[in-house]
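Remarks on the structure that follows.
Both ligands and their constituent atoms are indexed starting at 1 by order of listing. Computed from heavy atoms alone, side chains included, the values below leave out hydrogens, waters and symmetry copies.
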Amino acid sequence: MGKIAIMGAMPEEIEPLLAKLENVKENAYGANVYYEGSYGTKEVVVAYSKIGKVFAALTATILIEKFGCEKLLFSGVAGAISDDLKIGDLVIADGLCQHDLDISAFGHPYGYVPEGEVCIATDVTLRNIAKSVAQKKGLTLKEGVIATGDQFVANPERKEWVGETFKASALEMEGASVAVVCNALNVPFFILRAISDSADMDAGFDFDTFLQSSAKISADFILDMVDQIEA
Ligand code: 4EH
């Protein structure tokens, strides 16, 4: 069976994963560390990219092209846009867009460049596995568009604009760049986030308070999914 990549952006997002990996081998490459190991019967490669779209694209590419991963799962935290997402809630992306990509001066929609797409869909099989894991654990899983940009949003106006423009439920800083890479390389991918803040005036404080606990909620769920992925 093929190797599964699990990535986060920050060390805090992968620490709960590393704690449960076995036979771990560290591999430094391209200014990141890749942790090859096993989880149950599955071979996994875990890494954090560092923050933002460029670092995340680099790490996703290396996980696929150098480490040979055939599926990619992202685990981490996000800011809520939708009012029904509270701190600690899990959200899966059905699609990802780049809210800071703007060539609207040429008449193009926000988030669009020629030969790209505004919204990139995630793998339906992986989404269905997530739904069955949620059902088994009695957890509520929200699904929606996740908007990505190279900005920590702590601003109600910006949050509202992103929500309305992209019909987005949550926002973060990496998912859509991982989507671009996986889509181009035909690798099934999945983005899971647990809410750490509401991208408003309190976002900075809430983020610092809830990063660890929300990152763990996401990581624990991802590992239950790894168990359920077809060998
Ligand atoms: O990887 C970045 C982290 C914030 S920046 C994106 N992650 C967390 C998701 C996220 C987010 N993104 C945009 C959670 N809340 C968000 C929000 N806007 N409101 C960071 C955090 N701590 C130290 C340094 N940088």
Side-chain angles (χ1 to χ4, degrees), residues 5-18 31-33 46-60 62-63 72-93 95-102 110-111 122 142 144-181 189-222:
I6 314 176
M7 69 175 281
M10 302 178 72
E12 289 85 349
E13 290 173 324
I14 68 158
E15 269 154 19
L17 301 167
L18 296 179
N32 287 107
V33 178
V46 176
Y48 76 89
S49 58
K50 301 187 281 273
I51 293 160
K53 293 194 295 184
V54 175
F55 283 133
L58 173 67
T59 295
I62 290 170
L63 283 164
L72 189 151
L73 313 177
F74 191 105
S75 176
V77 300
I81 299 177
S82 157
D83 282 335
D84 64 351
L85 282 174
K86 306 295 183 204
I87 288 168
D89 286 355
L90 286 166
V91 57
I92 65 172
L96 294 118
C97 57
Q98 296 182 59
H99 70 74
D100 59 349
L101 184 57
D102 178 358
Y110 292 111
T122 57
K142 301 266 164 59
V145 172
I146 295 182
T148 301
D150 282 328
Q151 310 166 347
F152 181 81
V153 177
N155 173 332
E157 286 83 51
R158 179 70 190 170
K159 162 185 164 170
E160 189 158 319
W161 183 85
V162 171
E164 290 188 348
T165 306
F166 300 98
K167 302 289 166 249
S169 301
L171 53 79
E172 34 86 312
M173 302 178 65
E174 297 85 18
S177 67
V178 172
V180 168
V181 168
F189 73 100
F190 173 83
I191 311 281
L192 176 71
R193 299 275 184 169
I195 300 302
S196 56
D197 59 84
S198 295
D200 55 12
M201 312 262 264
D202 301 323
F205 180 84
D206 286 345
F207 178 86
D208 284 338
T209 308
F210 297 108
L211 167 61
Q212 284 206 352
S213 55
S214 291
K216 180 155 171 37
I217 290 169
S218 177
D220 288 348
F221 191 95
I222 283 280

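Distance CG/L73 to CG/L63: 10.5 Å, rounded to 0.5 Å.
By the 4.5 Å heavy-atom criterion applied to side chains, H99 and T165 are not counted as neighbours. Between E12 and V77, the closest side-chain pair of non-hydrogen atoms is not below 4.5 Å.
Every residue two or more places apart in sequence or in another chain was checked for a side-chain hydrogen bond (donor to acceptor under 3.5 Å, both in side chains) with E13, and none qualifies. In terms of the salt bridge (Lys or Arg N to Asp or Glu O under 4.0 Å) criterion, residue partners of K216 (sequence neighbours excluded) are, by chain and number, D220. With sequence neighbours excluded, the residues satisfying ring pair (Phe, Tyr, Trp, His ring centres under 6.0 Å) with F152 are F207.
Residues of the protein with a heavy atom under 4.0 Å from ligand 1 are A9, M10, I51, V77, A78, G79, Q151, F152, V153, L171, E172, M173, E174, R193, S196, D197, A199, F207, listed by chain and number.
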